[in-house]
Amino acid sequence: MHRLVISMKLVIFGPPSAGKGTQAQKLSKKYGIPQVATGDLLREHVAKKTPIGIKVKSYLDSGRLGPDDLIVQMIGERVSKPDCINGYLLDGFPRTIGQAQELEKMTDIDLVLNIVVDFEALVERAVGRRICPKCAAVYHVKFNVPQAQGICDKCGSKLIQRDDDKEETVRRRLNVYKEQTAPLVEHYRKKGRLVDIDGSSGIDAVFAQMVKAIDGIKK
Ligand code: AP5
């Protein structure tokens, strides 16, 4: 497929399991800008037992947010890499007002795509999610089934369930979202940079709404 390279800085925003990662991977492919996913970066640190990984493991396991300073530093380093020269797609960052303020010191964001989905649907999405530990591709046992059961279509690795996708932890993550992250919706709405995306429909229909919103800002 032809990849359209444009210069654009996007944020994909929404509660846990709203479909941020799924859509970010598709948008990254379409527009030729990298997905920068805090959750994926943190899980990689945890798997490699780096100093950051050792520090954040308990936060991830319990569904709480990691410390702002550490997350901001990690993102700052990631977006300074050469592949981000034409822009990037932030997935899972910012997640607190403090993180948003630090991001504003770093750069201007072109558009925030806010995925809106009913919370009960999110629990089902999270509990049925399976991910590839090698290439971070995202599947679902019902809504996005891999071609061979339990195997990644892209790299052939065995799929796993995330430790924080147990129902109890998912519900805690949803509460953390309500308390600490949801206030960012109004923050970005006031800036005129936010567009609501109906995330209750299927993956392709959600993607079509996002493409329309992005192509709208390019005009
Ligand atoms: P992170 O990995 O970012 O988790 P999250 O925000 O909870 O988001 P998810 O990855 O759960 O979901 P998603 O919206 O990407 O949905 P997905 O596309 O996978 O963060 C994990 C942890 O890291 C946090 O709890 C925190 O501890 C820490 N952390 C991360 N960022 C941080 C930050 N900035 N500050 C501090 N701490 C931070 O889809 C979900 C499932 O639904 C999949 O199975 C998918 O196939 C399916 N699906 C997707 N779209 C649809 C659809 N339209 N219809 C049906 N099914 C769908």
Side-chain angles (χ1 to χ4, degrees), residues 9-25 27-28 33-81 83-84 88-103 105-107 109 112-113 115 122-123 125-127 129-140 152 154-155 157-182 184:
K9 289 170 187 161
L10 305 172
V11 170
I12 294 216
F13 191 83
S17 300
K20 301 183 294 295
T22 300
Q23 297 300 332
Q25 288 174 6
L27 292 171
S28 169
I33 52 174
Q35 171 198 16
V36 175
T38 32
D40 290 345
L41 292 170
L42 291 170
R43 279 185 287 280
E44 207 180 311
H45 278 289
V46 171
K48 289 183 180 159
K49 297 192 170 71
T50 66
I52 289 182
I54 291 164
K55 234 178 181 171
V56 297
K57 185 175 182 328
S58 64
Y59 291 93
L60 264 79
D61 288 348
S62 64
R64 289 172 300 135
L65 296 183
D68 276 359
D69 53 352
L70 184 149
I71 305 285
V72 169
Q73 189 191 342
M74 184 181 78
I75 288 294
E77 285 169 8
R78 176 64 188 89
V79 300
S80 309
K81 293 199 171 158
D83 65 328
C84 290
Y88 41 81
L89 224 162
L90 295 173
D91 160 9
F93 179 88
R95 246 168 155 115
T96 62
I97 293 285
Q99 291 180 13
Q101 287 165 343
E102 291 303 316
L103 177 62
K105 288 181 200 162
M106 270 186 238
T107 191
I109 290 298
V112 178
L113 298 152
I115 309 180
L122 295 175
V123 177
R125 286 189 188 181
V127 173
R129 170 171 40 203
R130 299 293 180 268
I131 60 161
C132 175
K134 197 170 167 204
C135 73
V138 184
Y139 301 88
H140 193 279
C152 179
K154 293 180 183 149
C155 71
S157 301
K158 200 165 172 238
L159 301 179
I160 57 163
Q161 185 169 25
R162 270 170 46 177
D163 289 340
D164 60 349
D165 275 345
K166 295 180 196 88
E167 183 165 344
E168 192 194 339
T169 316
V170 173
R171 292 202 185 271
R172 192 170 313 128
R173 284 161 53 207
L174 288 169
N175 281 333
V176 167
Y177 170 83
K178 270 194 236 168
E179 284 164 18
Q180 299 185 52
T181 307
L184 284 179

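- Within the structure, the salt bridge (Lys or Arg N to Asp or Glu O under 4.0 Å) test picks out the following pairs touching residues 89-102 (sequence neighbours left out): E102-K105.
- Between R173 and D165 a salt bridge is recorded (basic side-chain N to carboxylate O distance below 4.0 Å).
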Carefully, step by step, assess L184 and V112 under the rule side chain to side chain contact (heavy atoms under 4.5 Å, CB included).
-> CA-CA 10 Å; L184 284 179; V112 178; over 6 Å; no

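- Taking every heavy atom of both residues into account, K20 and P15 meet most closely at NZ-O, 3.0 Å.
- Within the 3.5 Å criterion, the main-chain N or O of V127 finds a donor-acceptor partner in the side chain of Q161.
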In residues 65-72, what donor-acceptor pairs under 3.5 Å come from side-chain atoms, sequence neighbours left out?
{"residue": "D68", "atom": "OD1", "partner": "T96", "partner atom": "OG1", "Å": "3.1"}
{"residue": "D68", "atom": "OD1", "partner": "Q99", "partner atom": "NE2", "Å": "3.0"}
{"residue": "D68", "atom": "OD2", "partner": "T96", "partner atom": "OG1", "Å": "3.1"}

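- Separation of atoms SG (C84) and NZ (K9) is listed at 9.5 Å; rounding is to 0.5 Å.
- At least one donor-acceptor pair closer than 3.5 Å links the side chain of R125 to the backbone N or O of A18.
- Legend: residues meeting side chain to side chain donor-acceptor pair (under 3.5 Å) with R78, ordered by chain and number and at least two apart, are D83.
- Residues P94 and L103 come closest through the heavy atom pair CD-CD2, 3.8 Å.
- Residues L122 and P16 share a closest heavy-atom pair of CD2-O, 3.6 Å.
- The distance from the CD1 atom of I52 to the CD atom of E44 is 11.0 Å, given to the nearest 0.5 Å.
- Nearest heavy atoms, V176 versus G63: CG2-O, 3.6 Å.
- Proximity of a side-chain donor or acceptor of T38 to a complementary backbone N or O of G92 within less than 3.5 Å is detected.
- Distance CZ/R129 to OG/S17: 4.0 Å, rounded to 0.5 Å.
- Using a 4.5 Å heavy-atom threshold, the side chains of T169 and D163 count as separate.
- One finds the CZ atom of F93 at 15.0 Å from the CD1 atom of I12 (value rounded to the nearest 0.5 Å).
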Would T107 and V79 satisfy side chain to side chain contact (heavy atoms under 4.5 Å, CB included), going step by step from the backbone distance to the final call?
-> CA-CA 10 Å; T107 191; V79 300; over 6 Å; no

With side chain to side chain contact (heavy atoms under 4.5 Å, CB included) as the test, would you mind laying out the steps for R64 and S58 before giving the verdict?
-> CA-CA 8 Å; R64 289 172 300 135; S58 64; 4.0 Å; yes

Derivation of the salt bridge (charged side-chain N to carboxylate O under 4.0 Å, His left out) call for D61 and K166 | CA-CA 10 Å; D61 288 348; K166 295 180 196 88; over 6 Å; no

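- With hydrogens and angles ignored, the 3.5 Å screen pairs no side-chain donor or acceptor of K48 with any backbone N or O of G53.
- Among all heavy-atom pairs drawn from D164 and L60, the shortest one is CB-O, 3.6 Å.
- In this structure, OG on S62 lies 10.0 Å from NZ on K57, to the nearest 0.5 angstrom.
- Nearest heavy atom pair, residue C155 against residue C135, reads SG-SG, 3.8 Å.
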Begin with the C-alpha distance, continue with both residues' side-chain angles, and end with the deciding distance and a verdict on side chain to side chain contact (heavy atoms under 4.5 Å, CB included) for E167 and V170.
-> CA-CA 5 Å; E167 183 165 344; V170 173; 5.5 Å; no

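- One finds the CZ atom of F13 at 10.5 Å from the CD1 atom of I115 (value rounded to the nearest 0.5 Å).
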